[in-house]
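Below is one structure, written out as structure tokens, with a few remarks after it.
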Amino acid sequence: MIAVDVPTAGRRPYRIVQWATGALGRSAIRGVLDRDDMELAGVWVHTPAKEGADAGALAGREPIGVAATRDIADILALDADCVIYAPSPVHDRLRELDTICALLASGKNLISLSGLVYPYAHGPQFAGELEQACKRGGTSVHGSGVSGGFMADVMPLVLSRLSRRITHVYARECTDFARHPSWRMVHEMIGFGKTEEAYRRALRPNRAAMRAMFAESLHLVAAGLGADLDEIDVDVDYRLAGTDLVTAAGPIPHGTVAAARWTFSGLAAGRPVITVEVVHKADAARMPEEWGRPGYSLRVDGRPSLTLSVDEDWVSDVISAASAHALNSVSAVCAAAPGIRTYLDLPMVSGRMHV
């Protein structure tokens with residue numbers, strides 16, 4: 001069913017809290033300010049330097065009279081309808097569970113841009129705590145995923161409507177990080193610029209973290225297609241820089257890690273039924289085209305089989321797209337029955353025509 005996101009006549013605007021003000025959070029603030037059916041109720045920030053700053057100024061706009069806070073108590077006390085939750089990616093979901101549950105129990109619905117597309121993937125205890133928090137607050141929690149995740153989370157379910165007797169789903173994303181400005185993301189989280197020894201030493205904990213992060217997407221698609229996954233297999237390969245590379249996040253010296261390919265295979269009845277391949281490149285233009293060019297590919301093997309491929313320019317602004325994806329879901333999430341609400345539970349939502 002398709003639900004058009006049109007404000008109910010006479011309804012007050014949705015009061016939105018923005019949690020974290022990185023690139024995604026700032027984009028979400030601008031999106032709220034540009035809509036007549038939403039208003040910004042509050043902003044939580046991580047760094048002391050942003051505390052007390054005007055939310056409009058943080059987002060590159062004129063001041064709006066909403067001061068950012070680092071105190072969760074300030075946010076919990078607000079009268080608000082929905083929290084747009086956009087912290088830096090967190091590999092260990094248990095670390096953030098208490099915060100998310102507190103927000104939900106305070107009567108605020110929550111849309112996450114950092115996971116939660118299928119919380120059941122983390123086990124019954126994790127999902128149970130979310131459900132109990134939603135029950136206490138009369139709220140819903142939904143994970144919209146980031147823009148690239150849309151291709152691995154939502155599009156397989158959309159394309160599958162055109163096929164029967166589906167035997168395998170394959171999704172691939174290849175990202176070029178040459179212009180990505182975050183040192184923490186590029187060097188610490190992805191591991192570019194590390195020596196081969198240091199990278200291999202970090203693989204064991206990183207493998208578990210990446211499995212937890214991408215397990216949600218695989219389990220979501222499996223549930224949508226009526227399959228139960230027995231396990232998720234994870235494989236990783238990497239390549240070293242053949243020359244010194246200069247990126248927006250800093251140098252990648254010759255001989256250090258400059259590309260990686262992660263493959264996540266969801267197994268059912270002993271065979272892969274869903275595969276997600278994630279390729280990261282420090283500078284795709286100056287590296288061999290092994291593992292393909294930046295962009296996205298999706299294949300549904302069935303009757304008929306379906307293939308969709310787009311290059312990295314399929315969307316003009318991935319940050320804006322990701323924040324719009326969350327904001328366009330606010331009305332459906334706020335109207336939903338309390339509890340965990342994935343893409344399998346909510347009506348398909350659309351953007352808003354500007355005329």
W44 (side chain) donor-acceptor with R70 (main chain) under 3.5 angstrom: yes
H46, NE2 atom: more than 12 neighbouring heavy atoms under 6.0 Å: no
Min side-chain heavy-atom separation V330-M38 under 4.5 Å: yes
Main-chain N/O of Y296 paired to E173 side chain as donor or acceptor, under 3.5 Å: no
Short side-chain donor-acceptor distance under 3.5 Å, N328 and R35: yes
I64-L58 co-clustered via ILVMFWY side chain contacts under 4.5 Å: yes
ring-ring contact (aromatic ring centres under 6.0 Å, His included): pairs with one or both residues in residues 239-277, sequence neighbours excluded: F214-F264
Closest heavy-atom pair and its distance - D235, R207: CA-NH1, 4.1 Å
H187 and I252, any side-chain heavy atoms less than 4.5 Å apart: yes
S305 side-chain N/O to G302 backbone N/O, donor-acceptor pair under 3.5 Å: yes
side-chain hydrogen bond (donor to acceptor under 3.5 Å, both in side chains) involving T275 - partner list, sequence neighbours excluded: H168
Flag, side chain of K108 to backbone of V17, donor-acceptor distance under 3.5 Å: no
Check against side chain to side chain donor-acceptor pair (under 3.5 Å), T21 and K50: CA-CA 9 Å; T21 57; K50 293 181 179 180; 3.1 Å; yes
Residue pair Y14, S331: steps toward the side-chain contact (heavy atoms from CB on, under 4.5 Å) verdict: CA-CA 8 Å; Y14 291 102; S331 60; 3.5 Å; yes
Shortest non-hydrogen separation from D54 to P63 and the atoms involved: OD1-CA, 3.0 Å
Greater than 12 external heavy atoms within 6.0 Å of R200's CZ: no
Any L130 side-chain heavy atom under 4.5 Å of C101 side chain: yes
hydrophobic_cluster_shared for L162 and V300, side chain cutoff 4.5 Å: yes
Step-by-step side-chain contact (heavy atoms from CB on, under 4.5 Å) determination, V169 to V273: CA-CA 6 Å; V169 172; V273 293; over 6 Å; no
Between CG on residue L346 and OG on residue S329, distance to nearest 0.5 Å: 7.0 Å
Within-4.5 Å side-chain heavy-atom neighbours: L308 and W314: no
Linked, directly or transitively: I319 and V32 (ILVMFWY side chains, under 4.5 Å): yes
Apart from V279 itself, residues in the same hydrophobic cluster as defined by side-chain heavy atoms under 4.5 Å: W291
Interatomic distance, R30 atom CZ to L327 atom CG [nearest 0.5 angstrom]: 11.5 Å
Pairwise distance OH(Y343) to CZ(F150) - rounded to 0.5 angstrom: 7.5 Å
Residues E197, R201: salt bridge by 4.0 Å N-O rule: yes
Any donor-acceptor N or O pair under 3.5 Å, side chains S217, D153: yes
Shared hydrophobic cluster for L267 and Y118 (ILVMFWY, side-chain gaps under 4.5 Å): no
Chi angles and distances behind the side-chain contact (heavy atoms from CB on, under 4.5 Å) call for V45, T69: CA-CA 6 Å; V45 292; T69 181; over 6 Å; no
Validation row: C174, R172 side chains within 4.5 angstrom (heavy atoms): yes
Sequence neighbours left out, cut at 3.5 Å: what donor-acceptor pairs do the side chains of residues 226-234 make with other protein atoms?
{"from": "D230", "atom 1": "OD2", "to": "A269", "atom 2": "N", "distance (Å)": "2.9"}

With sequence neighbours excluded, residues passing ring-ring contact (aromatic ring centres under 6.0 Å, His included) with H219: none
Salt-bridge present (K135, E131; N to O < 4.0 Å): no
Nearest heavy-atom neighbours spanning L344 and A223: CD1-CB, 3.7 Å
Heavy-atom closest pair, residues A259 and F192: N-CE2, 3.5 Å
4.5 Å side-chain heavy-atom contact, E129 and L97: yes
Least distance between heavy atoms, V66 atom then L40 atom: CG2-O, 3.7 Å
Expected output: side-chain S323 to main-chain S320 donor-acceptor under 3.5 Å: yes
Q18 side chain to V43 backbone, donor-acceptor under 3.5 Å: no
Residues in ring-ring contact (aromatic ring centres under 6.0 Å, His included) contact with Y199, at least two apart in sequence or another chain: Y238
Approximate separation, where rounding is to 0.5 Å, of I100 CD1 and W19 CH2: 9.5 Å
Polar side-chain atom of S163 near backbone of I166 as donor-acceptor pair, under 3.5 Å: no
Value rounded to 0.5 Å, distance of CG in L104 from OG1 in T99: 11.0 Å
Check: R15 side chain, D79 main-chain N or O, donor-acceptor pair, under 3.5 Å: yes
4.5 Å side-chain heavy-atom contact, P156 and L298: yes
Residue pair V236, L203: steps toward the side-chain contact (heavy atoms from CB on, under 4.5 Å) verdict: CA-CA 9 Å; V236 60; L203 268 184; 3.8 Å; yes
D301 with R299: basic N within carboxylate O range, under 4.0 Å: yes
Distance in Å, N109 CG paired with R341 CZ, rounded so as to fall on 0.5 Å steps: 11.0 Å
Plane angle bin for H180 and F177 - parallel if under 30°, tilted between 30 and 60°, otherwise perpendicular: tilted
Nearest heavy atoms of A86 and G25, plus distance in Å: CB-N, 4.4 Å
Donor-acceptor contact present, side-chain R164 to main-chain P304, <3.5 Å: no
D345 side-chain N/O to T342 backbone N/O, donor-acceptor pair under 3.5 Å: yes
Test item: E188 and I190 side chains (from C-beta on) under 4.5 Å apart, heavy atoms: no
